[in-house]
Amino acid sequence: MLEDAGIQVVGEATDGLEGVAQAQVIRPDVVLMDWRMPRLNGVQATARIRSQLPEVQVVVFSSAEGAGMGVIARQAGASAFVAKGASAVQICAAVLAAWRQPPPPKTPPA
């Protein structure tokens with residue numbers, strides 16, 4: 001679906017720890033992260049990625065819906081939260097919107 005929309009997929013992970021490790025090596029512009037992942041859930045993996053790689057945007061994707069889920073995902077550093085019931089257009093739009101976000105300002109050394 002992403003590739004059909006012209007979005008290049010550079011990696012896939014089977015669990016949260018692998019997702020964090022791949023993000024460290026590949027350094028993608030955007031990670032589309034499933035909320036429910038083995039070994040390290042998507043929210044925990046998002047927090048790790050954003051703390052280690054603040055320039056990498058994360059869109060959290062989940063089959064569970066609820067107003068609180070988006071808040072939790074954003075508190076972990078996600079750029080957006082998308083329910084799995086969303087259309088392909090909505091998911092791609094969230095990924096593209098995250099990609100367009102400017103990187104955080106660099107903190108000068110103390």
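Taken to the nearest 0.5 Å, the SG atom of Cys92 stands 10.5 Å off from the CD atom of Glu3. The distance from atom OG1 of Thr46 to atom CG of Asp34, rounded to the nearest 0.5 Å, is 10.0 Å. The distance from the CG atom of Leu40 to the CE atom of Met33 is 8.0 Å, given to the nearest 0.5 Å. Of the inter-residue distances, the one linking Phe81 atom CZ with Arg74 atom CZ reads 10.5 Å to the nearest 0.5 angstrom.
A single hydrophobic cluster is not seen to contain both Val95 and Val60; linkage of ILVMFWY side chains at heavy-atom distances under 4.5 Å, directly or through other members, places them apart. Linking ILVMFWY residues whenever their side-chain heavy atoms come closer than 4.5 Å, directly or via other members, leaves Val82 and Val71 in distinct clusters. The hydrophobic clustering, which links ILVMFWY residues whose side-chain heavy atoms are closer than 4.5 Å, places Trp99 and Leu32 together. A continuous path of ILVMFWY side-chain contacts below 4.5 Å connects Leu17 to Val43, so both sit in one hydrophobic cluster. Linking Ile, Leu, Val, Met, Phe, Trp and Tyr residues whenever their side-chain heavy atoms come within less than 4.5 Å leaves Val9 and Val56 in two separate clusters.
Looking at heavy atoms from C-beta onward, Thr14 lies out of side-chain contact with Pro38 at the 4.5 angstrom threshold. In this structure, the side chains of Ile72 and Trp35 come closer than 4.5 Å at one or more pairs of heavy atoms. Side-chain contact between Ile7 and Val30 is absent, with no heavy-atom pair separated by less than 4.5 Å.
Residues forming a salt bridge (charged side-chain N to carboxylate O under 4.0 Å, His left out) with Arg100 (at least two apart in sequence, or on another chain): none. Under the rule for a salt bridge (charged side-chain N to carboxylate O under 4.0 Å, His left out), the partners of Asp15 that lie at least two apart in sequence or sit in another chain are Arg39. Residues passing the side-chain contact (heavy atoms from CB on, under 4.5 Å) test with Ala47 are Ala76, sequence neighbours excluded. Under the rule for a side-chain contact (heavy atoms from CB on, under 4.5 Å), the partners of Gln52 that lie at least two apart in sequence or sit in another chain are Val20, Gln24, Arg48. Applying the side-chain contact (heavy atoms from CB on, under 4.5 Å) test to Ser51 and every residue at least two apart in sequence or in another chain returns nothing. With sequence neighbours excluded, the residues forming a salt bridge (charged side-chain N to carboxylate O under 4.0 Å, His left out) with Arg27 are Glu55, listed by chain and number.
Nearest approach of Glu18 to Glu12, heavy atoms of both residues: OE2-O, 3.7 Å. Of all non-hydrogen atoms in Met37 and Ala13, the two that sit nearest each other are CE-O, 4.3 Å. Annotation for Ala98 and Val59: closest pair CB-CG2, 3.7 Å, computed over non-hydrogen atoms. Listed here is the closest heavy atom pair of Ile26 and Gly11: CD1-CA, 4.2 Å. Taking both residues in full, the closest heavy atoms of Gly19 and Ile49 are given as O-CD1, 4.2 Å, listed atom of the first, atom of the second, then distance.
Using modelled atom types, no side-chain atom of Arg36 and backbone atom of Asn41 make a donor-acceptor pair closer than 3.5 Å.
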